[in-house]
Amino acid sequence: MKYNFKEIEKKWQDKWEEDGVFRAEETSDKPKFYGLVEFPYPSGAGMHVGHIKAYSGLEVVSRKRRMQGYNVLFPIGFDAFGLPAENYAIKTNQHPRVITDKNIQHFSEQLRRVGFSFDWSRVVDTTDENYYKWTQWIFLKLFDHGLAYRDKTFVNYCPSCKVVLSNEDSQGGKCDICHSDIIQKSKEVWYLRITEYADKLLDGLDQVDFPENIRAQEENWIGKSRGAFVNFKIDGTDEDLRIYTTRPDTLFGVTFMVIAPEHPLIDNNTDKITNMDAIRAYREECQKKSEFERVNMVKDKTGVKVEGLCAVNPVNGKKIPLFIADYVMMGYGTGAIMAVPGHDQRDYDFAKAFGLDIIEVIKGGDIEKEAYTGDGEMVNSDFLNGYDNKKDSIDRMIQYLEEKGIGEAGVQYKMKDWAFNRQRYWGEPIPIVHCPKCGMVGVPYEELPLRLPEVENFKPGEDGESPLAKIESFVNCKCPKCGGDAKRETDTMPQWAGSSWYFLRYTDPHNDKAFADPEKLKYWLPVDWYNGGMEHVTRHLIYSRFWHHFLYDIGAVPTYEPYAKRTAQGMVLGADGSKMSKSLGNVVDPLDVVEEFGADTLRTYVLFMGDYGASSPWNESSVRGCKRFLERILRLSENLGEKDDPGLESKLHKTIKKVTSDIEEMKFNTGIASMMALMNDFEAAGNVGKGQFMDFLKLLAPFAPHLAEEIWERLGGEGYISLAPWPEYDESKTIEATVEISVQVNGKPRDVLRIAVDADEAAASAAGLALSKVQKFVEGKRVVKTIYRAGKILNFVVK
RNA sequence: GCGGCCGUGACGGAAUUGGCAGACGUGCAGGAUUUAGGUUCCUGUGCCUUACAGCGUGUGGGUUCAAAUCCCACCGGCCGCACCA
């Protein structure tokens, strides 16, 4: 019979839907499995084959777990707030709601046609007011606990999108949405105090199963360092210049100090500084430079000496010059450093450029040539002389600083507080009222959701002002506290708000009394396995862990960490090996593949194409190869024997074992390969039993479920194969009675020997020596040693 | 600079407690069936060879009976962060 995948796929998708086959059970005695994939942003472009690969991994795991008797929650939803929909709305003069609904519908249809086993009764949409009500609720909780605040500082601003971006959203100085250059702008915006959770976010990594690269990337992003704060006196003033250093051991090597161009020390001492003109000129230069040149990472050190002020090294009373330079950032530490040119390459470069002293305080390098950043014995360092810099000197120095009251141990983080705002329409309104009398007041919880008002024009204001600011009926309100006239906050939340807690909502998506029933949270959490993209590690993943830790602290969720295990899929590249993009014209539309080859082929191919965690290029011939595999299965199903072939028994059991473990390890490619190999054996044997074949079919079911259901039904299988018990393997049957082992002479393979797995050395050795190909190399020589590993190898060492 | 990782046929990729390198798929070559084939089936396919042998996992060393796998040095590539004090 012809492989009519269109008919088969439609038929089973409809049946699954009708019977609610993939609905998670509310109460169950089964063990639970919560598998989570990153819900998509429903763009106008529709789904990408990358989405298919991203979801197929846990799709297969979830299907297998169902067959293994788990109560599985495998949900899907839509992260639908965001700029693309809004920009499209502006362009086409439609409401973002209309566009978003259309896109969600389109995405849902595509996902259904691939046959994903999502529980469609639990779909969440972050733009639904019944959902964002709770996003606002969590924000208010953060606000009530002092973790949401406003501050006027320099912010990352995208002039093209006209929005303020967080550090996470402007990595590399580029806007994450449109890739324009980011500029620094002084503006008062909302922040979430994620830095308060830096240590908890680090500690939590010890409780979860994250791969090393993800863990390292998060640690790196949080960027914790240990060191000391030291106060340097500014000569002739009563001001202290406070610095942070990770190298208090080198304090005797300080020969100058550098502060960031924006450092307030300058503005506080304009009367004493004698070269303010030069300093102002340099400050301007730096502001202009930051956009273009900082991306290119200029190595040349520039700066200006601050004339009229000088600093005093607190450990030896030496007067040292002070500079402003843009290699020191206002945003890290205290915006000021002690410069140790002998042992820091940047300070060294600066010292060379400005002709400053370089003192060696650690032996081991040649400071005539370059800074020595290694470890060694202290010199020129008074009470530290002779000690090891690392082992003893850091602690001794910190102790000294603390005793004298001139400094103390401290830690710093690279991570900054989360700039939490967008000056746009299509986002959750921030539920805060600005009252002239009471200050910032949260919208009362019972008044949530604070709905997005209808507006005529979604365009943002020229100076980064939200479109909501123009809606007087929205802006003007009464203060919830005092009842007086007040104004609403008009910024909306960033894209990442809704996704920071969506996995909680899936446990109880229709609850209108709470974001989820505590009992249901207790049952389903933590997410057992979360798969998503590497690009979200320093954004969504860290943000949602932060929210979850906070919710845990206020008793709103039962687990400290939200995700027990995290994995990441690799990208699907274009056939030319480059990233799929419209401009390169190498984009593959998953629906085209479904039309031409079928959903089962697509699903099998995206998992077969390579290592799941790695990127690999699309290859249509290989897609065809996967389809051939499925066709062969269908053909063989029409030609089965009633009795099982005993010769295939061990091959079948080996394959069951392999596929069972490969799915858990996300080694889908080798799992599929082993099923292909079994099919080859089946065809070669020619008399596969129906029972054997049906076991094989169950292995196939998570990958190609439509075809598996169809054949299952034709063969008289009971119920849905999707819910049939996963085949068990018998360990004893995976071991064949005889094996082929390599027979080597001096480590070189010379022949193979079929022998009983448990043959002893004497028997193996005798049989091995009898082989003519082995004889040839042993003849006339003396066997000095025989190495035999049962079932693996036989090696004769001869002389 | 810091952190994570990789280097295997024409291609995607297997093989990692060290034990027959190249599973599986693609591609290619030859053959069969077919009016025809982006069908199906069979055979072959790391390199050099008629064969035997020899050589082969980025390069050079090392450990070992045995190395794609472990160690050292180097070369090349990918990803993330980055003048982070």
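Throughout, protein chains are lettered first and strands after them, A, B, ... in sequence-line order, and every chain is numbered starting at 1. Just so it is clear, the values below take in all heavy atoms, side chains as well, and ignore hydrogens, waters and symmetry mates.
Look at B:rG9: its glycosidic torsion is within 90° of 0, and that puts it in the syn range.
Contact annotation: A:Lys667 reaches the phosphate of B:rA15 (side-chain N/O to OP1 or OP2, under 4.0 Å). For the OP1/OP2 pair of B:rG12 and a distance below 4.0 Å, the side-chain nitrogens and oxygens of A:Ser616 include no atom meeting the criterion. At the phosphate of B:rC41, OP1 or OP2 sits under 4.0 Å from a side-chain N or O atom of A:Arg635. At B:rA85, one or more side-chain N or O atoms of A:Tyr332 fall inside 4.0 Å of OP1 or OP2 (strictly under the cut-off). Contact check, A:Lys776 against B:rA53: a side-chain N or O comes under 4.0 Å of OP1 or OP2. Between A:Arg226 and B:rA85, a side-chain N or O to OP1/OP2 separation shorter than 4.0 Å is absent. In terms of phosphate contacts, A:Asn680 brings no side-chain nitrogen or oxygen within less than 4.0 Å of OP1 or OP2 of B:rA23.
Protein atom CG of A:Leu251 is 16 Å distant from nucleotide atom P of B:rA85, rounded to whole Å. Residue A:Gln412 contributes atom CD, which lies 16 Å from atom C1' of B:rC83 at whole-angstrom precision. Per the geometry, CD belonging to A:Glu683 stands 12 Å off P belonging to B:rU43, to the nearest Å. The separation between A:Tyr788 atom OH and B:rA66 atom C1' is 17 Å, rounded to whole Å. Rounded to an integer number of Å, the gap from A:Arg632 CZ to B:rC41 P is 7 Å. One atom, CG of A:Asp662, and another, C1' of B:rA15, lie 12 Å apart when rounded to the nearest Å. For the pair A:Glu212 CD and B:rC79 P, the interatomic distance rounds to 20 Å; values are reported in whole Å. In this structure, A:Glu370 atom CD and B:rG1 atom P are separated by 11 Å, rounded to whole Å.
Counting any heavy atom pair closer than 4.0 Å across all strands shown, A:Val743 reaches no nucleic acid atom. Residue contacts for A:Asp751: at a heavy-atom cut-off of 4.0 Å it reaches no nucleic acid atom on any strand shown. Among the protein residues, A:Arg628 comes within range of the sugar-phosphate backbone only, with heavy atoms under 4.0 Å from sugar or phosphate atoms but none that close to a base. Residue-level contact check: A:Val797 touches the backbone only, with heavy atoms under 4.0 Å from sugar-phosphate atoms and none from bases. If you check every strand for non-hydrogen atoms under 4.0 Å, A:Glu740 touches a base. Counting any heavy atom pair closer than 4.0 Å across all strands shown, A:Ser615 reaches sugar-phosphate atoms only and no base atom. Residue-level contact check: A:Arg539 touches neither bases nor backbone, having no heavy atom under 4.0 Å from any strand. A:Glu219 comes within 4.0 angstrom of nothing in the nucleic acid, heavy atoms only. The residue A:Gly625 sits close only to the backbone: its heavy atoms come under 4.0 Å of sugar-phosphate atoms, none of a base. Base engagement by A:Glu620 is indicated by at least one non-hydrogen atom pair under 4.0 Å involving a base atom.
Under 3.5 Å, the side chains of A:Gln217 and A:Asn213 contain no donor-acceptor pair of N or O atoms. Using a 3.5 Å distance cut-off with no hydrogens or angles, the side chains of A:Tyr332 and A:Ser225 do pair a donor with an acceptor. Donor-acceptor pairing under 3.5 Å is lacking for the side chains of A:Ser56 and A:Tyr612. Between the side chains of A:His540 and A:Glu38, not a single donor N or O lies within less than 3.5 Å of an accepting N or O. Side chains of A:Asp611 and A:Asn669: a donor-acceptor N/O pair is absent below 3.5 angstrom, by distance only.
For RNA chain B, runs of at least 3 consecutive pairs of the Watson-Crick or G-U wobble type, with both hydrogen-bonding distances under 3.5 angstrom, map to B:1-7 with B:75-81, B:10-12 with B:24-26, B:27-32 with B:40-45, B:58-62 with B:70-74.
Judged by distance alone, with hydrogens and angles left aside, A:Lys792 brings a side-chain donor or acceptor within reach of the base of B:rU17, the pair sitting under 3.5 Å. Remark: the A:Asn220 side chain and the B:rG80 base include a donor-acceptor N/O pair separated by less than 3.5 Å.
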With a 3.5 Å cut-off and sequence neighbours excluded, list the donor-acceptor pairs that the side chains of residues 759-774 of chain A form with protein atoms.
| residue | atom | partner | partner atom | Å |
| --- | --- | --- | --- | --- |
| A:Asp760 | OD1 | A:Ala763 | N | 3.0 |

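Listed candidates were B:rC24, B:rG4, B:rG13. Nearest to the side chain of A:Ala216 is B:rG4. Residue A:Arg789 has its side chain nearest to B:rC65 when only B:rC65, B:rC83, B:rC24 are considered. With B:rG54, B:rG25, B:rG13 as the candidates, the nucleotide lying closest to the side chain of A:Asn669 is B:rG13. Counting only heavy atoms from C-beta on, A:Phe608 has its side chain closest to B:rG12 among B:rA15, B:rG12, B:rG19. Counting only heavy atoms from C-beta on, A:Ile787 has its side chain closest to B:rC65 among B:rC83, B:rC65, B:rG4.
Look at the C1' atom in both B:rA21 and B:rC75: the space between them is 24 Å, to the nearest Å. B:rG54 and B:rU50 have their C1' atoms separated by 16 Å, with the value rounded to a whole Å. Atom name P, nucleotides B:rG56 and B:rC6: the rounded distance is 24 Å, in whole Å. Nucleotides B:rG12 and B:rA23 are separated by 13 Å at their C1' atoms, to the nearest Å. If you take atom C1' in B:rA10 and the same atom in B:rC5, they sit 26 Å apart, rounded to whole Å. For B:rG37 and B:rA32, the P atoms lie 13 Å apart once the distance is rounded to whole Å. Straight-line distance between the C1' atoms of B:rU8 and B:rA68: roughly 7 Å, to the nearest whole Å. With P as the reference atom, B:rG9 and B:rG58 are 8 Å apart, rounded to whole Å.
Nucleotides of RNA chain B nearest to A:Ser621 and A:Asp347 differ in position, and the one nearer the 5' end is that of A:Ser621. Of the two residues contacting RNA chain B, namely A:Ala677 and A:Phe796, the nearest-nucleotide position lying further toward the 5' end is that of A:Ala677.
With hydrogens and angles ignored, the 3.5 Å screen pairs no side-chain donor or acceptor of A:Tyr3 with any backbone N or O of A:Arg635.
A salt bridge links A:Glu408 to A:Arg242: at least one charged side-chain nitrogen sits closer than 4.0 Å to a carboxylate oxygen. Taking 4.0 Å as the cut-off between side-chain N and carboxylate O, A:Glu595 and A:Lys6 count as a salt-bridged pair. Salt-bridge annotation for A:Arg539 and A:Asp169: present, with a side-chain N of the basic residue lying under 4.0 Å from a carboxylate O of the acidic one.
Remark: A:Asp600 pairs with no residue by the salt bridge (Lys or Arg N to Asp or Glu O under 4.0 Å) rule, at least two apart or across chains.
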